[in-house]
Amino acid sequence: MKALYILLVVFFLISCSNDEAMDDFTEKEVIEEIEDSTSVDPENVFAGEVTYYDAVKSEDGLVLVNDAASNRIYLMEKEESIILKEWNLPSGIGNDGELLANGNLLVALTDPDPVYSFGGFGGRVAIITPEEEIIWDYKYSDSINLAHHDIEMLPNGNILILAWEKKTGSELVTKGYEGPYESVYSEKLVEINPSDNQIVWEWHAWDHLVQNSSSEAEDFGEISEHPERINLNYIDPLKDGSYNGDIFHANGLEYDESRDLIYLSVNYYSEIWVIDHSTTAEEAKTTKGGFRDRGGDLVYRFGNPSTYNNLNGKRTFFHNHHPNLVPNSNTILVYSNGILSEDPHSVVFELEIPEIFELNAQRDNELNVLWSFSHPDLYSPKVSGAQRLANGNTLITEGTSGYWEVTDSGEIVWRFESEGFFWRGYHYNRISPEILNLNL
């Protein structure tokens, strides 16, 4: 790869050899000039290896790479994986980073000294201009709360943040928790107005529980009769390793503007929770269920019916990441990681979203699978995701090794491989406002 870079330099020298202005430059100075003009270290000009590329069938565009292992976010082209821009981040990555239409980078960062942490922790969210000026910097990290994994800018300009909240002592007893941990780290969503840093809306999983272990505790009930509630004491029998109190481990969110709903990926439950965002913050605490009942209970859930003791419906996910709505459709993509001991391969599913959500007890509530992709070489037990592209192809992030692009028929038209830990990849058209406003 470095050799190709040198060839480019030689070509530049030859093309300029008859130019009188070249008399004033040495080869070393020309190389330095090229380096300065691209702002890329020649040793790192290539992000990795493109092992296959079909220029005709692949969607033309650029990929924003979130490499959590190296705390890097960079924009690369697809033919040779040349890095066009890399951001100098003020702290480590809290996983997500995405370009906004004005060219700014919305990025989850890490608190350098959190009170507690798990994989995917963040604690800090920032907006960074193309010139790398930090114009918004928000900390959500204290002894109780810690932002993690995913963020999203809403159409009103507010920022939706996924966070843990620590529960301990009497809080666990009151709720009938029967697990082994002295502290439990529940999930919450907070919506921040960046103009004044005020929380304008929030939702807490802790307000919407059910348990059948203690009739003296809150939220006691028959779990199978309350699919709209979250079984506090569910443990996946296929889960490898320890929870360490992080019993849900949500890892991704998607906002549906047309319905004002939030899709929340819950990794240790191997399912997606659907939450009503049209509620007020006070209504979000209430325990009403159903579509548009103005309560905070789950509007819907899918992926693993055993989480609510439902004997109807087949489990679809074995750990999951990145719920991602397909534009101009009624479908959603979800990356199912797989579990090494049970299902040691990853699958990308495209699922049909019903026109009206009706979550009923003892009924098959799983969504119809309209499309899926898997491959013997596709397996990442962590992170990962998928995005539907404008030409109908699907960009797949294989978290432990790189990216795939496949057609609707499953034909592989681009593969990129590199060392790293790839949270997601975001694909942008070259003439999209996100790219044009970077002024590359």
Side-chain angles (χ1 to χ4, degrees), residues 38-40 47 61-68 70-78 82-112 120 122-141 147-163 189-201 252-257 262 277 322 324-325 327 385 387 389-390 395 397 422-440:
T38 59
S39 299
V40 175
L62 308 174
V63 177
L64 186 73
V65 175
N66 293 256
D67 182 357
S70 302
N71 288 314
R72 298 178 67 190
I73 294 181
Y74 54 84
L75 186 71
M76 71 175 181
E77 58 81 49
K78 294 165 66 178
I82 295 174
I83 298 175
L84 304 177
K85 179 177 177 60
E86 181 163 357
W87 284 259
N88 293 311
L89 302 175
S91 66
I93 297 176
N95 274 359
D96 198 46
E98 187 170 359
L99 288 174
L100 305 178
N102 59 7
N104 290 341
L105 180 74
L106 174 65
V107 59
L109 301 169
T110 55
D111 178 355
R124 181 182 179 189
V125 182
I127 296 177
I128 304 174
T129 69
E131 297 75 31
E132 300 193 359
E133 176 189 359
I134 300 175
I135 58 174
W136 185 64
D137 197 349
Y138 182 81
K139 181 180 178 181
Y140 198 69
S141 175
H148 67 94
H149 281 92
D150 206 1
I151 51 177
E152 185 158 344
M153 177 168 279
L154 301 178
N156 62 5
N158 292 344
I159 311 296
L160 190 62
I161 297 174
L162 174 61
L189 297 169
V190 291
E191 180 181 345
I192 311 296
N193 183 340
S195 66
D196 58 11
N197 289 343
Q198 296 299 305
I199 296 176
V200 298
W201 181 86
L253 54 88
E254 172 77 329
Y255 177 68
D256 183 350
E257 181 180 4
I262 298 166
H277 179 259
H322 199 192
N324 195 7
L325 293 167
Q387 177 188 1
L389 307 183
L395 175 68
T397 304
F422 303 102
W423 159 248
R424 287 179 191 164
Y426 292 106
H427 195 283
Y428 298 94
N429 186 291
R430 293 176 184 269
I431 60 172
S432 67
E434 291 89 346
I435 299 302
L436 294 178
N437 284 317
L438 287 176
N439 300 314
L440 297 174

> For S141, what residues pass the side-chain contact (heavy atoms from CB on, under 4.5 Å) criterion, not counting sequence neighbours?
Replying inline: D111, P114, K139, L146
>> Could you report the tightest heavy-atom contact between P130 and G103, atom names first, then the distance?
In response: CG-O, 3.5 Å
> Are the side chain of N324 and the backbone N or O of E254 linked by a donor-acceptor pair below 3.5 Å?
Replying inline: no
>> Test: salt bridge (Lys or Arg N to Asp or Glu O under 4.0 Å). Region: residues 94-104. Which pairs qualify, not counting sequence neighbours?
In response: D96-R424
>> Holding to side-chain hydrogen bond (donor to acceptor under 3.5 Å, both in side chains), I want the full list of residues that pass it with Q387, two or more places apart in sequence or in another chain.
In response: none
> Which residues pass the ring-ring contact (aromatic ring centres under 6.0 Å, His included) test with F422, sequence neighbours left out?
Replying inline: Y403
For residues 152-159, which side-chain donor-acceptor pairs fall under 3.5 Å, sequence neighbours excluded?
from, atom 1, to, atom 2, distance (Å)
N156, OD1, N158, N, 2.9
N156, ND2, E191, OE2, 3.3
N158, ND2, E191, OE2, 2.8

>> Checking E133 now: which residues fulfil side-chain contact (heavy atoms from CB on, under 4.5 Å) with it, not counting sequence neighbours?
In response: T129, I135
> Does W87 have any side-chain hydrogen bond (donor to acceptor under 3.5 Å, both in side chains) partners at least two apart in sequence or in another chain, and if so, which?
Replying inline: none
> Can you list the steps and then say if Q198 with I192 is a side chain to side chain contact (heavy atoms under 4.5 Å, CB included)?
Replying inline: CA-CA 6 Å; Q198 296 299 305; I192 311 296; over 6 Å; no
> Just wondering, do L75 and V65 contact through their side chains at under 4.5 Å, heavy atoms?
Replying inline: no
> For the atom pair OG1 (T110) and CG (L89), what is the distance rounded to the nearest 0.5 Å?
Replying inline: 9.5 Å
>> Contact between K85 and M76 at the side-chain level, heavy atoms closer than 4.5 Å - yes or no?
In response: no
> For the atom pair CG (N439) and CD (E131), what is the distance rounded to the nearest 0.5 Å?
Replying inline: 7.0 Å
>> Rounded to the nearest 0.5 Å, what separates atom CD1 in I127 from atom CG in L100?
In response: 6.0 Å
> Taking side chain as C-beta onward, heavy atoms only, is I435 less than 4.5 Å from N429?
Replying inline: no
>> Restricting to salt bridge (Lys or Arg N to Asp or Glu O under 4.0 Å), what partner residues turn up for D67, sequence neighbours left out?
In response: none
> With a 4.5 Å heavy-atom cut-off, do L64 and L105 have their side chains touching?
Replying inline: yes
> Which atom names give the shortest non-hydrogen contact between G425 and L395, and what distance separates them?
Replying inline: O-CD2, 3.7 Å
> If every non-hydrogen atom of G385 is compared with every non-hydrogen atom of H322, which pair is closest and at what distance?
Replying inline: CA-ND1, 3.4 Å
> For P90, what residues pass the side-chain contact (heavy atoms from CB on, under 4.5 Å) criterion, not counting sequence neighbours?
Replying inline: L109, R124, I128, I134
> Can you tell me how far the CZ atom of R430 sits from the CG atom of L62, to the nearest 0.5 Å?
Replying inline: 4.5 Å
>> Do L99 and L438 make a side-chain contact, defined as non-hydrogen atoms from C-beta onward lying under 4.5 Å apart?
In response: yes
>> Please enumerate all residues that pass side-chain hydrogen bond (donor to acceptor under 3.5 Å, both in side chains) together with E132, with sequence neighbours excluded.
In response: N88
> Taking only residues two or more places apart in sequence, or in another chain, which ones meet Y428 in a ring-ring contact (aromatic ring centres under 6.0 Å, His included)?
Replying inline: none
>> The test is side chain to side chain contact (heavy atoms under 4.5 Å, CB included); show your working for N66 and N95 and say whether it passes.
In response: CA-CA 7 Å; N66 293 256; N95 274 359; over 6 Å; no
> Hey, mind stepping through L189 and W201 against side chain to side chain contact (heavy atoms under 4.5 Å, CB included) and telling me if it holds?
Replying inline: CA-CA 8 Å; L189 297 169; W201 181 86; 4.1 Å; yes
>> Checking N71 now: which residues fulfil side-chain hydrogen bond (donor to acceptor under 3.5 Å, both in side chains) with it, not counting sequence neighbours?
In response: none
>> Any heavy-atom pair between the side chains of Y140 and I199 that's under 4.5 Å?
In response: yes
>> Any non-hydrogen side-chain atom of I151 less than 4.5 Å from a side-chain atom of L162?
In response: no
> Is a side-chain donor-acceptor pair under 3.5 Å present for N104 with W136?
Replying inline: no
> So which heavy atom on N197 is nearest to which on P194, and how close?
Replying inline: OD1-O, 3.7 Å
> So, for G97 and Y426, which heavy atoms are closest and what is the spacing to 0.1 Å?
Replying inline: O-CE1, 3.3 Å
> At their closest point, which heavy atom of N437 faces which heavy atom of N102, and how far apart are they?
Replying inline: CB-O, 3.3 Å
